[in-house]
Amino acid sequence: MKTTIPLALLITVASVAQAAPDMVGVSAAVEDVAMSFENDRIPAVDSELAIFLLDVERGATRLVADKVSTDLTYCGSPSWSVDGRRILFDSSPGQRFQLARMQAMEVAGGALHVREIGIGTAPTESPDGKKIACWLNSGAVAGDSAGLWLMKADGSARTPLGVRGAGIPKWSPDGRRLLVSAFVSPVSLEIVDLAGPAGPTVEPIMLNGTVFYSVPSWAGDDNTMVAVVKVGGSVDVALIDVSNPGKAVFKRSLWKKGGGVSPAYPVYHPGTGQCVFAGRERDGTVLYSFCVGEEPRRIDPKGCRGKIASLAFSPDGRYVLFCSVPE
């Protein structure tokens with residue numbers, strides 16, 4: 001088993017300098033993918049977790065993926081490529097995550113296609129579309145250790161990242177860092193710097209007097225994340241500056257917890273000023289959406305019940321992916 005990252009791969013990561021995307025082209029690609037999902041498709045009755053798409057403008061939802069095969073009926077951890085052309089997710093036989101397989105969904109030739117890209121969970125694609133980072137569970141591959149792994153976008157050349165970080169990775173907009181959320185609550189967070197001169201390094205995100213809950217997301221730039229935080233007696237959906245992870249800075253509150261709603265899995269798009277989160281209530285979880293300065297409005301997703309998790313914005317801010325238990 002390889003134990004180090006090839007120098008060529010590290011140089012590629014370190015030299016990523018993203019040009020401003022063509023948002024007209026990105027939005028067109030996003031729309032091609034979104035429109036390929038049928039409004040009236042009913043989730044499979046034996047699906048244990050499915051992926052849905054929320055139209056933020058209209059408040060409507062569509063089913064994206066409820067099962068990949070007879071065995072792979074647990075679909076989760078969706079993410080969208082920066083160019084808007086692909087949706088990545090993982091699929092497993094129930095919660096046996098060591099058997100999870102990563103999938104790439106895209107439109108080609110006017111039709112929607114799903115292809116397997118290898119063993120692992122929580123895939124996240126680099127901004128240049130050339131690499132994927134993921135979490136590999138213990139026992140997933142004989143001889144391979146659990147941890148964060150890198151690979152090419154087609155799933156080839158799998159290589160362990162070789163750092164102690166553990167959890168769900170999310171690639172930064174500049175391609176140089178991973179935001180990693182541990183599988184615990186309250187959640188511990190780390191930044192993996194892929195462009196360090198001596199190889200990847202890990203630093204915990206620390207903010208004095210603050211506890212982090214749920215899985216955060218990048219908030220449109222390389223140094224800001226949106227997270228659910230508890231400071232004193234207040235629980236906020238907030239923007240946090242992580243340019244210096246060990247001395248993170250509370251930038252601003254987007255919304256303070258109220259009305260018996262506990263926020264989780266927040267996503268924020270600075271281009272639209274829109275924030276969406278899963279709101280846990282006494283009777284279950286629903287989606288909430290708001291623009292900064294407004295009160296969140298409740299969205300009851302069609303075809304969903306009980307659990308809502310793993311939110312991810314489309315790059316243009318029009319749609320949000322999430323996973324839920326089908327009705």
Side-chain angles (χ1 to χ4, degrees), residues 23 53-59 61 78-80 124 168 170-174 177 179-181 185-191 205-245 247-281 285-301 308-324:
M23 288 311 299
L53 183 77
L54 167 69
D55 185 328
V56 177
E57 292 183 6
R58 297 175 51 230
T61 56
S79 63
W80 216 306
T124 178
I168 299 168
K170 294 189 178 184
W171 219 304
S172 67
D174 67 354
R177 302 196 292 172
L179 170 61
V180 181
S181 305
S185 181
V187 66
S188 59
L189 305 172
E190 297 173 322
I191 293 290
I205 296 176
M206 305 296 293
L207 182 56
N208 268 349
T210 301
V211 178
F212 296 100
Y213 287 94
S214 183
V215 177
S217 295
W218 292 105
D221 66 45
D222 311 319
N223 296 317
T224 304
M225 69 176 187
V226 59
V228 176
V229 299
K230 184 177 182 180
V231 185
S234 176
V235 175
D236 294 56
V237 176
L239 298 181
I240 307 296
D241 184 335
V242 293
S243 53
N244 182 353
K247 296 181 179 179
V249 176
F250 188 104
K251 293 179 69 173
R252 67 178 297 194
S253 173
L254 301 178
W255 180 72
K256 289 186 179 296
K257 176 183 174 181
V261 178
S262 297
Y265 301 99
V267 290
Y268 172 73
H269 195 281
T272 64
Q274 196 84 20
C275 183
V276 181
F277 63 84
R280 295 179 181 137
E281 302 177 343
T285 307
V286 298
L287 291 174
Y288 280 83
S289 174
F290 69 96
C291 285
V292 178
E294 300 176 352
E295 280 299 305
R297 61 187 178 92
R298 175 175 169 152
I299 301 169
D300 290 304
I308 293 179
S310 303
L311 276 63
F313 253 125
S314 64
D316 63 349
R318 172 66 187 272
Y319 300 98
V320 169
L321 294 166
F322 64 95
C323 57
S324 176

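Here the closest heavy-atom approach between residue Phe212 and residue Ala227 is recorded as CD2-CB, 4.2 Å. Taking each heavy atom of Val237 and Val226 in turn, the nearest pair found is CG1-CG2, 3.9 Å. The two atoms that bring Ala264 and Phe277 nearest to each other are O-CB, 3.6 Å, heavy atoms only. Nearest heavy atoms, Asp221 versus Asn223: OD1-N, 2.8 Å.
Using a 4.5 Å cut-off on side-chain heavy atoms (C-beta onward), Leu311 and Leu287 make contact. Using a 4.5 Å heavy-atom threshold, the side chains of Lys251 and Met225 count as separate. For the pair Pro263 and Tyr288, the minimum side-chain heavy-atom distance is 4.5 Å or more. For the pair Phe250/Ile240, a side-chain contact is recorded, criterion being any heavy-atom separation below 4.5 Å from C-beta on. In this structure the side chain of Leu321 never reaches within 4.5 angstrom of the side chain of Tyr319, judged on heavy atoms.
Evaluation of the side-chain contact (heavy atoms from CB on, under 4.5 Å) rule for Val211 yields Pro186, Tyr213, Lys230 as partners, not counting sequence neighbours. Taking Pro315 as the reference, Val26, Val30, Trp80 meet the side-chain contact (heavy atoms from CB on, under 4.5 Å) condition, with sequence neighbours excluded.
Residue Asp236 holds its CG atom at 12.0 Å from CZ of Arg252, rounded to the nearest 0.5 Å. The distance from atom CG of Asp316 to atom OG1 of Thr272, rounded to the nearest 0.5 Å, is 9.0 Å. Note that the CH2 atom of Trp255 and the CZ atom of Phe290 stand 7.5 Å from one another [nearest 0.5 Å]. To the nearest 0.5 angstrom, Leu254 atom CG is 12.5 Å from Glu294 atom CD. The distance from the CD1 atom of Ile299 to the OG1 atom of Thr61 is 9.5 Å, given to the nearest 0.5 Å. A distance of 7.5 Å separates CD1 of Ile205 from OG of Ser181, quoted to the nearest 0.5 Å.
At least one donor-acceptor pair closer than 3.5 Å links the side chain of Ser214 to the backbone N or O of Tyr265. For Arg177 (side chain) and Asp222 (main-chain N/O), a donor-acceptor pair under 3.5 Å exists by modelled atom type.
With Pro245 as the partner, the side chain to side chain contact (heavy atoms under 4.5 Å, CB included) test is satisfied by one option alone out of Leu179, Leu207, Ile191, Leu189: Ile191.
Side chain to side chain, Lys170 and Ser79 fail the donor-acceptor criterion of an N or O pair below 3.5 Å.
Using a 30° and 60° split on the angle between ring planes, Phe313 and His269 fall in the perpendicular class, above 60°.
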